[in-house]
Amino acid sequence: QVQLVESGGGLVQAGGSLRLSCAASEQTFETYDMYWFRQAPGKEREFVTYISRRGGSTYYADSVKGRFTISRDSAKNTVYLQMNSLQPEDTAVYYCAADPSVVFTTRPGYWGQGTQVTVSS
């Protein structure tokens, strides 16, 4: 069972950047598709981005397309979320997630604890 630990959240001004990291415990990291979701106060958790197990496919929510980039480093068992041009509406708890299925899912099986991102105006 994979365990996920996010890091890199914090407070940033609008227009700034942050890079989130998610370290996976499993040496079989390459057998998992990886996701980032986020949940803003008072809102439901929403999909942000996805990367396939070998990094060949990525998907982005329209709200972050062109500003956020997902990547993964199999040597470090880590997935990254580079967030640029951050806006106050990006404020949320960001969750890393993993799933062994080869099919994209909005309900990955494994989740991290989340990391807070706050964007001030």
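Just so it is clear, the values below take in all heavy atoms, side chains as well, and ignore hydrogens, waters and symmetry mates.
- For Q39, the CD atom is densely surrounded, since the number of other residues' heavy atoms within 6.0 Å is greater than 12.
- Residues V48 and W111 do not share a hydrophobic cluster, clusters being chains of Ile/Leu/Val/Met/Phe/Trp/Tyr side chains in contact below 4.5 Å.
- Residue Y80 is found outside any hydrophobic cluster, as its side-chain heavy atoms come under 4.5 Å of no other Ile, Leu, Val, Met, Phe, Trp or Tyr.
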All N/O donor-acceptor pairs, side-chain side in residues 92-108, below 3.5 Å, sequence neighbours left out:
from	atom 1	to	atom 2	distance (Å)
Y94	OH	R38	NH1	2.9
Y94	OH	D90	O	2.6
D99	OD1	S101	N	2.9
D99	OD2	G109	N	2.8
S101	OG	V103	N	3.0
T105	OG1	R107	N	2.9

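- With rounding to the nearest 0.5 angstrom, the SG atom of C22 is 5.0 Å from the CD atom of E6.
- Without hydrogens or angle criteria, T49 side chain to Y59 main chain gives a donor-acceptor distance under 3.5 Å.
- The salt bridge (charged side-chain N to carboxylate O under 4.0 Å, His left out) check on K43 picks up nothing, with sequence neighbours excluded.
- Side-chain contact annotation: S74 with E30, donor-acceptor N/O pair under 3.5 Å present.
- Linking Ile, Leu, Val, Met, Phe, Trp and Tyr residues whenever their side-chain heavy atoms come within less than 4.5 Å leaves I51 and F47 in two separate clusters.
- Contact check for V117 versus M83: side-chain heavy atoms found under the 4.5 Å cut-off.
- L86 and L20 end up in the same hydrophobic cluster when Ile, Leu, Val, Met, Phe, Trp and Tyr side chains are linked at under 4.5 Å.
- Nearest heavy atom pair, residue I70 against residue Y60, reads N-OH, 3.0 Å.
- Proximity of a side-chain donor or acceptor of R72 to a complementary backbone N or O of S52 within less than 3.5 Å is detected.
- Not counting sequence neighbours, the partners of Y50 by the side chain to side chain donor-acceptor pair (under 3.5 Å) test are D33.
- With rounding to the nearest 0.5 Å, the separation of OG in S63 from CD in Q87 is 11.5 Å.
- Annotation: side chain to side chain donor-acceptor pair (under 3.5 Å) contacts of Q116 (sequence neighbours excluded): T118.
- Between M34 atom CE and T78 atom OG1 the span is 9.0 Å, to the nearest 0.5 Å.
- Nearest approach of Y110 to Q1, heavy atoms of both residues: CE2-CG, 3.3 Å.
- Of all heavy-atom pairs between L4 and A24, the closest is CD2-CB, 3.8 Å.
- Considering every non-hydrogen atom in both P88 and S121, the closest pair reads CG-CB, 3.8 Å.
- With sequence neighbours left out, the side chain to side chain donor-acceptor pair (under 3.5 Å) criterion links N84 to S17, Q82.
- You'll find the side chain of F68 reaches within 4.5 Å of the side chain of L81, heavy atoms only.
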